[in-house]
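Structure first, commentary second.
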Amino acid sequence: MAELSYSNSMSRSLQHGVQVVPFKTSTGSLRVLLLHGNLDFWLKEAKNFLNMDLFHKKLDNLFGGLAKLGSKKEGSSPKITSDPYVTNSVSNAVVARTYVINNSENPIWMQHFYVPVAHYASEVHFVVKDNDVVGSQLIGAVKISVEQLCSGALIEGRRWEGKRKKLGYENNGLCTI
């Protein structure tokens, strides 16, 4: 089982195209195998994300009166919430990325990826982040062992290690691949 460690700082990437997963991915030893061929997957949707834009929410509360003055409908102001996207990495190399869905705690991507790979790895990571003006924040992650991928079996379903779980929430969100 993954042990998650989160930070409120920007994502921890070394350089463009390289991603260091900011959590411990396994407690045991995994076999490192050559993942060679094409990684074919659909990134479908995610549900019940935490609102990662709490700073913006606090600003909205502080200046809420100004937003209401400029809105066309009385008493309504736009909800400011997470702007999620997903990166897929193999051996810390980002090989795929979804587009950003603005202001959504239940994003639907329905994006298909067909990625040529030739990497020695033990796991493939799908990291969900909140896009911010400066950097990004980790929302959660999905990991799949390369051993499971190399078995040739179809892998589908919902997997998730989210920030809600770390914070003690019962419903920790979910990501469908």
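FYI, the numbering just counts along the sequence from 1.
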Heavy-atom pair with the smallest gap, counting every atom of Ser104 and Thr81: N-CG2, 3.4 Å
Connected via hydrophobic side-chain network under 4.5 Å: Leu43 and Tyr99: yes
Rounded distance (nearest 0.5 Å) linking atom OH of Tyr85 with atom NZ of Lys129: 4.5 Å
Contact check, side chains of Asn106 and Glu45, non-hydrogen atoms, under 4.5 Å: no
Single-linkage hydrophobic cluster, 4.5 Å side-chain cutoff, Leu34 and Val115 together: no
Side-chain cluster (under 4.5 Å, hydrophobic types only) that Leu154 belongs to, other residues: none
Heavy-atom pair with the smallest gap, counting every atom of Pro116 and Tyr114: CD-O, 3.7 Å
Val94 backbone acceptor or donor facing Thr87 side chain under 3.5 Å: no
Pairwise distance OG(Ser89) to CD(Glu123) - rounded to 0.5 angstrom: 10.0 Å
Audit row: Val100, Asn102, side chain to side chain contact (heavy atoms under 4.5 Å, CB included) steps and yes/no: CA-CA 6 Å; Val100 175; Asn102 292 319; 3.7 Å; yes
From Arg97 atom CZ to Phe126 atom CZ, the distance as rounded to the nearest 0.5 Å: 15.0 Å
Hphob cluster co-occupancy, Ile155 + Leu33, side-chain heavy atoms under 4.5 angstrom: yes
Contacts of Ser145 that satisfy side-chain contact (heavy atoms from CB on, under 4.5 Å) - sequence neighbours left out: Glu147, Gln148
Within one Ile-Leu-Val-Met-Phe-Trp-Tyr cluster: Val32 and Ile144, side-chain cutoff 4.5 Å: no
Stepwise side chain to side chain contact (heavy atoms under 4.5 Å, CB included) check, Leu39 with Leu149: CA-CA 9 Å; Leu39 191 56; Leu149 289 172; 4.2 Å; yes
Val95 side chain reached by His119 side chain, heavy atoms, under 4.5 Å: yes
Side-chain donor or acceptor of Asp130 paired with backbone N/O of Ser136 under 3.5 Å: no
Candidate pair Asp83 and Asn103, rule side chain to side chain contact (heavy atoms under 4.5 Å, CB included), full reasoning: CA-CA 5 Å; Asp83 306 312; Asn103 289 328; 3.6 Å; yes
Least distance between heavy atoms, Gln111 atom then Thr98 atom: OE1-CB, 3.0 Å
All ring-ring contact (aromatic ring centres under 6.0 Å, His included) counterparts of Phe113, not counting sequence neighbours: Phe41
